[in-house]
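Everything numeric here is computed off the predicted structure, so don't read it as measured data. To find a chain, count down the sequence lines: A is the first, B the second, and so on, and within it residues start at 1.
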Amino acid sequence: MTVSTKKDHQLVELFLSTQANLDKSGLLIELKSAAKSSLDETGFPTLKEEEYKFTNINKRILDKIKKYASPNTVNNIGDVLEANQLFNSLEGYKLIRNNGVFEAELSSKSDGSFIVKPFSDLNSDEVKEIGSIETINKDPFTALNSYSFESGIRVEIPEGAILEQPILLVDVISADANGECVHPRAYFHAGKNSQATVIEITIFLDESPVFLNEVQEWNIESNAHIRHYKLQDGHKAELGVSNTSSNLARDATFTSVLLSLNGEMLRNNLSININDTNCTGNMYGIYMLNGKTHVDNHTNVDHKMPHSESNELYKGILTDQSRGVFNGKIFVRKDAQKTNAFQQNNNILLSEEAILNTKPQLEIWADDVKCSHGCTTGQLDEEALFYLRARGIGKESAKSLLLYAFAGEVLDKITHETFKKYCEEIVHERLGAIK
Amino acid sequence: MLSIKNLHAAIEGSPILNGINLEIKAGEVHAIMGPNGSGKSTLASVLAGREEYEVTEGSVTFKNKNILELSPEDRAREGIFLAFQYPVEIPGVSSTNFLRTAVNQVREYRGQSPLDAVKFLSLMKEKMKLVEIDQKLLSRALNEGFSGGEKKKNEIFQMAMLEPTLSILDETDSGLDIDALKVVANGVNQLKTKDNATIVVTHYQRLLDYIVPDFVHVLYKGKIVKSGTKDLALELEAKGYDWIKDELSGATV
């Protein structure tokens with residue numbers, strides 16, 4: 001049993017006291033009250049807890065955030081979106097959230113291949129889905145989100161729908177200078193034989209301290225294929241926790257590509273539950289950190305059934321006093337024979353003060369499986385650098401060529417051309433600035 | 001063109017080169033031979049500017065410039081080319097992109113305008129023929145998964161693209177079968193003009209049947225202990241390096 005320290009409970013009380021009656025519809029009251037008791041009981045993780053031992057995010061929240069109620073929404077958000085280069089370059093089904101609140105007017109309307117509903121419109125079956133994949137006891141921040149979210153969305157990609165254009169999930173965030181919290185929440189249901197790409201981006205209107213605590217659930221039916229791309233390129237006062245969970249039915253694929261390029265402290269929890277046979281779970285990530293940015297990626301793939309595979313590749317480039325954490329858990333249950341599970345984490349540290357903690361965690365109970373994992377942490381390859389320089393390429397360009405090649409392996413996993421090009425450009429630009 | 005005077009160099013405090021003197025003029029081919037550990041590759045590395053080596057004494061001037069003060073990239077831009085003994089595999093960097101960056105940075109240094117994509121590609125096609133390198137290889141990442149022979153051919157191909165005035169071939173022949181050796185040597189010979197020079201560092205006389213040197217130098221314990229014409233290489237081949245070692249120890253006793 002964990003005994004909550006006074007400090008860690010202080011934050012629980014701050015949240016619970018300020019956000020009593022948020023569920024205006026009352027539909028999700030059961031989830032919210034269960035989340036409240038769970039949070040009250042467990043408190044927030046301290047450094048003593050294995051899962052959060054490198055990432056003391058609750059302390060940062062206490063230090064930096066003064067307002068625990070959700071912030072007001074932003075006026076004239078349409079103008080904001082219009083001014084955003086990335087948003088304008090992307091075409092697709094738009095899902096706009098304004099400080100966590102769904103903006104139906106600015107978002108795309110439902111059609112035959114895309115149905116969006118705010119939580120207030122859910123029917124009783126749909127209500128039960130919320131919190132069924134990312135359960136409140138999985139992570140205290142999931143409990144916090146479940147208690148605190150103001151308006152969530154449920155997105156349905158109907159059976160057989162093949163979305164030619166991506167779904168753009170766009171968060172516009174603006175906080176008070178004292179620091180505020182936003183708890184975005186979404187549930188996606190991908191019907192049988194459907195196929196879609198989701199691109200998730202966040203637009204920050206200011207650099208005020210903000211705590212973004214997102215939960216996203218994915219129910220992926222048989223033979224549905226989902227690609228999920230997320231770009232974290234905020235500012236140096238952004239604190240963030242994201243909990244993303246997906247359930248895969250037979251023959252389904254879920255591919256996640258996460259780019260973490262900025263922030264103060266970010267923690268990303270990604271879970272893929274392989275609940276049936278012939279599924280594919282892909283987890284790819286790149287974290288390119290500078291200043292004092294701290295990014296912690298925890299991934300978990302749970303192979304429950306045979307003949308499925310998972311592929312994981314996370315790469316880090318760390319400079320200045322930045323810190324990276326990678327923890328990759330692969331769980332292969334007794335019944336999950338013939339599983340292929342591969343995991344790789346490679347890091348380049350460009351400064352003396354950058355820190356990286358990496359931990360593969362394999363738990364294999366089946367006896368006929370192929371699993372591999374590997375991690376490397378090192379400096380830029382001096383031999384390769386000299387080779388390029390000996391051909392007349394200047395030191396800075398040689399470095400950036402090598403780093404870009406390193407990052408490129410993950411960027412190549414993005415199949416949406418416009419988004420990929422944008423990501424390549426910002427990665428290039430960032431690498432050019434590394435001395 | 002190149003003037004090496006009393007060159008001493010060390011790595012991590014242990015001396016490897018102990019007073020090298022060498023003069024190379026335009027149009028000449030010099031072979032540097034010697035037993036393992038005599039300092040051949042160190043000499044090549046020091047000339048190219050590998051930073052692990054510390055020059056403790058002496059001077060190296062190239063076209064009347066003190067190159068010891070120049071970075072490796074500036075030496076390359078001045079016209080020094082090192083064909084690596086072990087070319088590095090660089091995953092993720094495409095051969096074409098790498099070469100175009102190199103060629104254009106060298107051109108920029110020399111005050112020439114950059115080559116556009118079309119001109120670059122036609123230059124590439126022209127030079128590829130020299131070393132019979134397969135175009136498919138160049139669409140791959142730099143040296144990645146190349147065989148030993150392909151890597152060495154790629155070195156000579158890069159040399160052709162960069163048009164150096166001084167080429168240093170560091171054991172380019174090691175590990176090559178005779179067919180690959182002929183291709184590599186043929187490429188080097190075609191690139192030879194009256195204005196450029198070549199240093200061939202080799203362990204075996206065999207290469208010198210195909211790249212005929214004007215001078216042969218024997219390096220031993222970090223010094224040039226004997227210089228001669230290509231006949232010296234044949235003598236070495238016949239008698240082995242012990243002959244030189246014996247002669248030297250005989251002289252000092």
Side-chain angles (χ1 to χ4, degrees), chain A residues 257 259 284-286 288 313-317 344-348 350 374-376 378-414 420-421 423-425 427-432 434-435, chain B residues 44-53 70-110 112 141-144 151 154-155 157-164 167-168 170:
Chain A
V257 185
L259 291 91
Y284 305 118
I286 181 112
M288 235 166 76
L313 176 67
Y314 271 72
K315 286 191 157 190
I317 299 174
Q344 193 72 38
N345 174 233
N346 307 111
N347 300 283
I348 294 179
L350 295 170
C375 51
T376 59
Q379 276 91 42
L380 210 54
D381 182 353
E382 288 294 330
E383 267 305 297
L385 193 60
F386 177 66
Y387 188 76
L388 297 178
R389 295 177 72 191
R391 296 294 174 258
I393 299 175
K395 193 176 180 180
E396 305 306 333
S397 355
K399 267 189 180 178
S400 105
L401 257 178
L402 290 176
L403 290 171
Y404 191 72
F406 178 79
E409 202 186 344
V410 175
L411 293 172
D412 282 345
K413 305 294 183 187
I414 302 173
K420 181 181 179 183
K421 200 158 166 261
C423 293
E424 284 174 342
E425 274 166 16
V427 166
H428 230 159
E429 202 174 291
R430 278 280 293 277
L431 291 176
I434 291 173
K435 295 294 166 215
Chain B
S45 293
V46 167
L47 294 178
R50 201 183 272 275
E51 283 161 349
E52 299 96 284
Y53 295 96
L70 298 180
S71 64
E73 54 269 35
D74 280 349
R75 295 182 199 200
R77 293 161 181 171
E78 286 288 343
I80 294 178
F81 180 91
L82 171 67
F84 280 58
Q85 185 178 1
Y86 305 111
V88 186
E89 294 196 17
I90 310 186
V93 173
S94 86
S95 297
T96 313
N97 186 22
F98 149 74
L99 260 180
R100 194 165 164 208
T101 309
V103 167
N104 281 338
Q105 289 200 9
V106 168
R107 289 180 67 90
E108 191 186 342
Y109 184 87
R110 294 176 186 167
Q112 297 162 309
L142 184 51
N143 290 327
E144 195 185 28
K151 281 180 186 166
N154 196 17
E155 293 294 288
F157 169 63
Q158 290 171 28
M159 176 175 143
M161 290 295 289
L162 293 167
E163 300 175 337
S167 304
I168 306 159
D170 187 7

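Note: B/Phe84 and A/Tyr387 have perpendicular aromatic rings, judged against thresholds of 30 and 60 degrees for the angle between ring planes.
When side chains are defined from C-beta on, B/Phe81 counts as touching B/Gln158, because their heavy atoms get closer than 4.5 Å. Put simply, the side chain of A/Lys395 does not reach to within 4.5 Å of the side chain of B/Ser71, judged on heavy atoms. Here the side chains of A/Gln344 and A/Lys315 are not in contact, with every heavy-atom distance at 4.5 Å or above.
With a 4.5 angstrom heavy-atom cutoff, B/Leu142 touches chain A only via side-chain atoms. Only the side chain of B/Asn143 comes within contact range of chain A, with at least one heavy atom under 4.5 Å from a heavy atom of that chain. Of the two parts of B/Pro87, the backbone and the side chain both hold a non-hydrogen atom closer than 4.5 Å to a non-hydrogen atom of chain A. Using a 4.5 Å cut-off between heavy atoms, A/Glu409 does not touch chain B at all. Contacts between B/Asn104 and chain A at a heavy-atom distance below 4.5 Å are absent for every atom of the residue. Contact of B/Arg50 with chain A is made through backbone and side chain together, with heavy-atom distances under 4.5 Å.
When A/Ala398, A/Ala390, A/Ala407, A/Gly408 are compared by the number of non-hydrogen pairs under 4.5 Å with chain B, A/Ala390 comes out ahead. For the options A/Asp412, A/Leu388, A/Leu402, A/Asp381, heavy-atom pairs under 4.5 Å to chain B are most numerous at A/Leu388. Contact count versus chain A (heavy atoms, under 4.5 Å) is highest, among B/Val93, B/Ile80, B/Val88, for B/Val88.
From B/Tyr86, atom OH reaches atom CG of B/Asp170 across 8.5 Å, with rounding to the nearest 0.5 Å.
Pairing each heavy atom of B/Pro72 with each of A/Arg389, the nearest pair is CD-NH2, 3.3 Å.
For the pair B/Glu163 and B/Arg110, the salt-bridge criterion is not met [side-chain N within less than 4.0 Å of a carboxylate O].
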